[in-house]
Amino acid sequence: MTSISNISIKTIQGEEITLDQFAGKVLLIVNTASKCGLTPQYEGLEKLYREKKDQGFEVLGFPANNFLEQEPGSNEEIQQFCSLTYDVSFPMFAKISVAGPDKHPLYQTLTTAQPERIGEGPWWKDLVDYGLTPNPKPEVLWNFEKFLINKNGEVIARFAPDITADDPRLIDAIETELKR
C-alpha cells in the first residue's frame, strides 16, 4: 500500500507541513467547498471529529474550487466561513486542486491508491440529470468525497460525496480502523 505520510501540504494559515504529523492516527480526508449543496456536511464532519478525536481520529479538510467554482474564497475567507458557520475545529488546509492536470500530489496519491468509491450511485445520476459530465474514475467526483486513511498512512477506503458523516458504512469503517 502507498503511504501519504511524506506528502507536503500547507495548513490554511500557510504553514508547510507533511502528513507524517498525523502518524498513528486514523484520518478522514475530505475535499470541501463553501458554496455547494453538500456544504452542510461540515456539521456532521465536525460532530464526528469531536466524538472520535480522543480515540486517535482526525478529519482533514482540503478546500477545492474544482467543481463549478463552489469554493471561490481565499484561505482566510474559507477559514472564517468554517469557523463562524459550522464551528469547525478539525484541521483545515490551504485550497488545492483535487482533479485535473493541476491535481495536488496528495490527491494524485489518494485517487491512485483507491480508485473505487463506496456508495456510488444517486449522486452520479444527479450530476448527469443536472446536465453535468461527472469526472471518470479514478478522478474525484465532486465536493465532499472522503478518503479513509489507516494509522500507517495508507489509503484503505473511499466514499462518494453523498455519503454523510453519520452513514453506517463510514462509521463502521472508521471504528474498525480505530480498534486496530
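Computation of the quantities below employed the complete heavy-atom set of this structure, encompassing side-chain atoms and omitting hydrogens, waters and symmetry-equivalent molecules. Residue numbers count from 1 along this sequence.
- A heavy-atom distance below 4.5 Å is found between the side chains of E46 and F90.
- For the side-chain hydrogen bond (donor to acceptor under 3.5 Å, both in side chains) criterion with S97, the lone passing option out of N31, N65, D102 is D102.
- Between E69 and K35 there is no salt bridge, since no side-chain N of the basic residue sits under 4.0 Å from a carboxylate O of the acidic one.
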Would V140 and K103 count as a side chain to side chain contact (heavy atoms under 4.5 Å, CB included) here? Give the steps. CA-CA 10 Å; V140 169; K103 183 176 5 177; over 6 Å; no
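- Smallest separation of non-hydrogen atoms from M92 and I78: CE-CG2, 4.3 Å.
- Taking both residues in full, the closest heavy atoms of N152 and N150 are given as N-OD1, 2.9 Å, listed atom of the first, atom of the second, then distance.
- Scanning all heavy atoms of the two residues, the minimum distance from R117 to E139 falls at NH2-O, 2.6 Å.
- A165 and L170 get closest at one heavy-atom pair: CA-CD2, 3.8 Å.
- Atom-to-atom distance recorded for K52:NZ and K25:NZ is 15.0 Å, nearest 0.5 angstrom.
- Counting only heavy atoms from C-beta outward, the side chains of R50 and D87 approach each other to under 4.5 Å.
- Heavy-atom minimum distance, P105 versus I7: O-CD1, 4.1 Å.
- Put simply, the side chain of Y86 does not reach to within 4.5 Å of the side chain of L45, judged on heavy atoms.
- Taking the side chain as every heavy atom from C-beta outward, F147 and T111 approach each other to under 4.5 Å.
- One finds the CD1 atom of I12 at 10.5 Å from the CD atom of E77 (value rounded to the nearest 0.5 Å).
- Side chains of I17 and I9 form a contact here, defined as non-hydrogen atoms less than 4.5 Å apart.
- Side chains of T85 and T39 form no contact here, defined as non-hydrogen atoms less than 4.5 Å apart.
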Between L19 and L60, is a side chain to side chain contact (heavy atoms under 4.5 Å, CB included) present by the stated rule, with each step listed? CA-CA 10 Å; L19 288 169; L60 306 181; 3.9 Å; yes
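- Side-chain contact of S83 with Q79: a donor-acceptor pair under 3.5 Å is absent, judged by distance alone.
- One finds the NE2 atom of H104 at 14.0 Å from the NZ atom of K95 (value rounded to the nearest 0.5 Å).
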Side chain to side chain contact (heavy atoms under 4.5 Å, CB included) between I29 and Y107, worked out: CA-CA 10 Å; I29 294 178; Y107 271 80; 3.5 Å; yes
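- Panel note: side chain N75, backbone F93; no donor-acceptor pair is recorded below 3.5 Å.
- Heavy atoms of other residues, nucleotides or ligands lying less than 6.0 angstrom from CD of E51 number more than 12.
- A heavy-atom distance below 4.5 Å is not found between the side chains of P91 and T11.
- Annotation: E76, atom CD; neighbour count of heavy atoms from other residues, nucleotides and ligands within 6.0 Å does not exceed 12.
- Taken to the nearest 0.5 Å, the CD1 atom of I156 stands 9.5 Å off from the CD1 atom of I174.
- Salt bridge K47/E43: absent, no basic N to carboxylate O contact under 4.0 Å.
- Of the N and O atoms on the side chains of T32 and Y42, at least one donor lies less than 3.5 Å from an acceptor on the other residue.
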Test log, rule side chain to side chain contact (heavy atoms under 4.5 Å, CB included), inputs W142 and D162: CA-CA 9 Å; W142 204 256; D162 55 340; over 6 Å; no
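- Here the CG-OG distance, from D20 to S8, works out to 10.0 Å after rounding to the nearest 0.5 Å.
- Under the 3.5 Å distance criterion, the side-chain polar atoms of E71 are matched with a main-chain donor or acceptor of S34.
- Between R158 and P138, the closest side-chain pair of non-hydrogen atoms falls below 4.5 Å.
- Side-chain contact, T18 with N6: no donor N or O sits under 3.5 Å from an acceptor N or O.
- Between D167 and K146 there is no salt bridge, since no side-chain N of the basic residue sits under 4.0 Å from a carboxylate O of the acidic one.
- Considering every non-hydrogen atom in both N66 and V98, the closest pair reads OD1-N, 2.9 Å.
- Atoms CG and CZ, on L141 and F67 in that order, are 7.0 Å from each other to the nearest 0.5 Å.
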